[in-house]
Amino acid sequence: MKCRKCGGKAVVNLREHRLSLCKGCYIPWFVDYTEKTIKKFRMIDRGDRVLVAVSGGKDSLALWDVLNELGYETFGLYIHLGIDYDGYSDVSLQKSKQFAERIGRELVIVDVEKEVGAGIPELRGITRRPVCSVCGMTKRYYMNRIAMELGASVLATGHNLDDEVSQLLGNVLNWNMDYLIQQSPVLPAKEEGLKKKVKPFCYFTEKQTLLYTLLRNIDYVEMECPFSVGATSIFNKDILNQLEHRSPGIKRRFYDGFLNNKHLFLKDVVNAISLKNCSNCGMPTVNEVCSFCKTRERVRSVVQ
Ligand code: AMP
Ligand code: FES
Ligand code: ZN
């Protein structure tokens with residue numbers, strides 16, 4: 001198998017792009033393709049200050065690396081979730097710090113245990129909600145809040161095509177209209193205090209971001225979150241990979257088809273959502289007090 005760009009020995013065959021590439025040509029292709037995605041969805045402009053949410057995993061560190069290579073002004077945010085199994089949160093923090101040093105960029109760290117009075121494992125018990133839902137809510141809250149407080153104009157996350165299509169499949173199977181409307185590679189800022197959110201890796205598969213990370217020698221946390229074992233999202237990813245194997249490009253077609261057509265069936269839902277500001281913390285919410293403040297209050301009442 002030969003590289004389509006230089007004729008050298010190819011290390012990867014991107015079936016859905018009908019493209020084989022060697023090591024040397026893969027990195028520039030990956031960086032260019034990210035830039036194309038950024039332009040296609042008008043994600044980031046020159047002059048933007050981008051907050052990159054990093055988990056210490058391959059996708060978000062690769063994203064920070066690429067945005068940096070493309071010359072965007074970036075800084076990172078790591079949210080320490082207080083998950084101690086095998087030192088998961090500490091190891092992830094260390095990988096994120098190490099990478100920030102490597103590229104010479106600032107990393108902001110939020111410690112959930114210190115801020116809320118309990119880490120994610122304890123919050124699960126206190127709120128009696130599924131752990132990933134409390135965790136997702138907490139992460140979204142801090143990502144937006146830190147972006148607001150530190151004057152970022154865009155918040156970028158490392159979600160890849162596999163994350164996007166598995167979430168889409170889950171939402172479609174349950175016809176969860178509220179979540180479907182929120183699913184997009186770019187969500188605009190809202191004046192009630194929501195920052196613009198972008199996912200520049202939405203067209204890369206997990207394997208493609210992994211290959212970039214390996215070729216660039218980026219040291220990332222290989223452990224998965226201990227709470228993700230047996231998660232439906234992982235099962236859905238597996239099913240989608242089986243479909244992809246049979247019909248190369250199906251994940252991309254599923255995703256693009258949704259993005260191109262969602263306005264046809266989600267129009268009324270978009271108009272129905274109205275945001276106000278939390279009476280406690282001022283962050284945007286659909287209720288009087290936001291879910292994060294309600295959770296924090298619950299922790300206070302239990303701990304005191
Ligand atoms: P996940 O929800 O774990 O699939 O992660 C999706 C994206 O959210 C990652 O690519 C990161 O950009 C961001 N993210 C996940 N966990 C954290 C964290 N602890 N701190 C900051 N950003 C995170
Ligand atoms: Fe939040 Fe696993 S990272 S529950
Ligand atoms: Zn609040």
Side-chain angles (χ1 to χ4, degrees), residues 1-46 48 50 52-74 76 95 99 102-105 154 156-166 168 184-186 197-220 222 237 240-241 243-260:
M1 197 170 59
K2 279 189 177 175
C3 171
R4 261 263 300 279
K5 304 241 181 219
C6 74
K9 186 175 176 295
V11 291
V12 62
N13 179 17
L14 306 165
R15 281 171 79 196
E16 70 279 23
H17 297 278
R18 295 204 184 88
L19 185 65
S20 307
L21 293 171
C22 71
K23 255 186 191 180
C25 293
Y26 184 75
I27 294 174
W29 172 82
F30 189 91
V31 174
D32 280 358
Y33 204 83
T34 311
E35 174 98 302
K36 280 194 191 123
T37 309
I38 290 174
K39 293 222 166 94
K40 175 179 163 89
F41 292 105
R42 301 204 179 119
M43 291 179 169
I44 311 173
D45 286 322
R46 294 287 154 193
D48 267 325
V50 187
V52 187
V54 290
S55 61
K58 62 182 186 333
D59 302 295
S60 49
L61 293 185
L63 174 63
W64 201 4
D65 190 56
V66 172
L67 294 180
N68 199 41
E69 288 290 307
L70 287 169
Y72 291 109
E73 188 195 336
T74 60
K95 304 282 182 195
F99 186 74
R102 165 170 155 171
I103 61 169
R105 298 276 158 189
V154 182
T157 54
H159 292 93
N160 58 40
L161 183 64
D162 292 278
D163 297 325
E164 289 296 276
V165 289
S166 98
L168 178 57
S184 170
V186 49
K197 294 194 184 78
V198 301
K199 300 171 184 171
F201 279 1
C202 63
Y203 280 155
F204 290 131
T205 63
E206 225 161 81
K207 280 191 188 149
Q208 289 163 0
T209 59
L210 175 64
L211 182 59
Y212 178 83
T213 317
L214 296 175
L215 293 178
R216 290 278 293 157
N217 285 319
I218 296 173
D219 188 15
Y220 65 94
E222 288 180 41
K237 278 183 186 174
L240 285 154
N241 280 334
L243 288 169
E244 182 76 24
H245 187 71
R246 233 184 133 101
S247 321
I250 194 76
K251 291 195 276 197
R252 173 71 181 261
R253 292 198 294 282
F254 182 39
Y255 191 52
D256 271 341
F258 166 70
L259 297 180
N260 292 334

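These numbers come from a predicted model, not from an experiment.
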Just wondering, do [Y] and [X] contact through their side chains at under 4.5 Å, heavy atoms?
| X | Y | value |
| --- | --- | --- |
| E222 | K95 | no |
| V154 | M43 | no |
| V198 | V50 | no |
| L168 | F254 | yes |
| L70 | I38 | yes |
| R216 | E69 | yes |
| I27 | Y212 | yes |
| K5 | L21 | yes |

Looking at every non-hydrogen atom in both residues, tell me the closest pair between [X] and [Y] and how far apart they are.
| X | Y | result |
| --- | --- | --- |
| Y220 | G57 | CB-C, 3.9 Å |
| G158 | D163 | O-OD2, 4.3 Å |
| D48 | D45 | OD2-N, 2.7 Å |
| P200 | T157 | CD-O, 3.8 Å |
| S20 | M1 | OG-CG, 3.7 Å |
| G56 | L61 | O-CD1, 3.6 Å |

Item checked: Under-4.0 Å salt bridge between K207 and E244 ->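 Between E244 and K207 there is no salt bridge, as every charged N stays at least 4.0 Å from the carboxylate O atoms.
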Item checked: Under 3.5 Å donor-acceptor, S60 side chain and S55 backbone ->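 Yes: the side chain of S60 pairs with the backbone of S55.
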Notebook entry, point to check: Distance only, no hydrogens: is a donor on one side chain within 3.5 Å (strictly under) of an acceptor on the other, for D256 and Y203?
Noted result: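 Yes, because at least one side-chain N or O of D256 sits under 3.5 Å from a partner of the opposite role on Y203.
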Checklist line | Partner set under side-chain contact (heavy atoms from CB on, under 4.5 Å) for N241, not counting sequence neighbours | finding: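 Applying side-chain contact (heavy atoms from CB on, under 4.5 Å) to N241 gives D162, K251.
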Check: What residues form a side-chain contact (heavy atoms from CB on, under 4.5 Å) with S184, not counting sequence neighbours?
Finding: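 For S184, the residues satisfying side-chain contact (heavy atoms from CB on, under 4.5 Å) (neighbours in sequence not counted) are V186, L187, K262.
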Output the distance between atom [atom1] ([X]) and atom [atom2] ([Y]), rounded to the nearest 0.5 Å.
| X | Y | atom1 | atom2 | answer |
| --- | --- | --- | --- | --- |
| K199 | L161 | NZ | CG | 11.5 Å |
| R4 | H17 | CZ | NE2 | 11.5 Å |
| I218 | F99 | CD1 | CZ | 4.5 Å |
| T74 | L67 | OG1 | CG | 6.5 Å |
| L215 | Y26 | CG | OH | 7.5 Å |
| L14 | T205 | CG | OG1 | 8.0 Å |

Next item on the list: Report the relative orientation of the aromatic rings in F204 and Y33; use parallel for angles under 30°, tilted for 30 to 60°, perpendicular for over 60°.
Entry: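 Rings of F204 and Y33: tilted, 30 to 60°.
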Margin query: Suppose we call two aromatic rings close when their centres sit under 6.0 Å apart. Are F30 and F201 close by that rule?
Written below: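 They qualify: ring centres under 6.0 Å apart.
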Notebook entry, point to check: Looking at Q208, R252, R253, which hits side chain to side chain donor-acceptor pair (under 3.5 Å) with E16?
Noted result: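 The residue from Q208, R252, R253 that satisfies side chain to side chain donor-acceptor pair (under 3.5 Å) with E16 turns out to be Q208.
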Notebook entry, point to check: Taking everything shown except R46 itself, do over 12 heavy atoms lie less than 6.0 Å from its CZ?
Noted result: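 More than 12 within 6.0 Å, yes.
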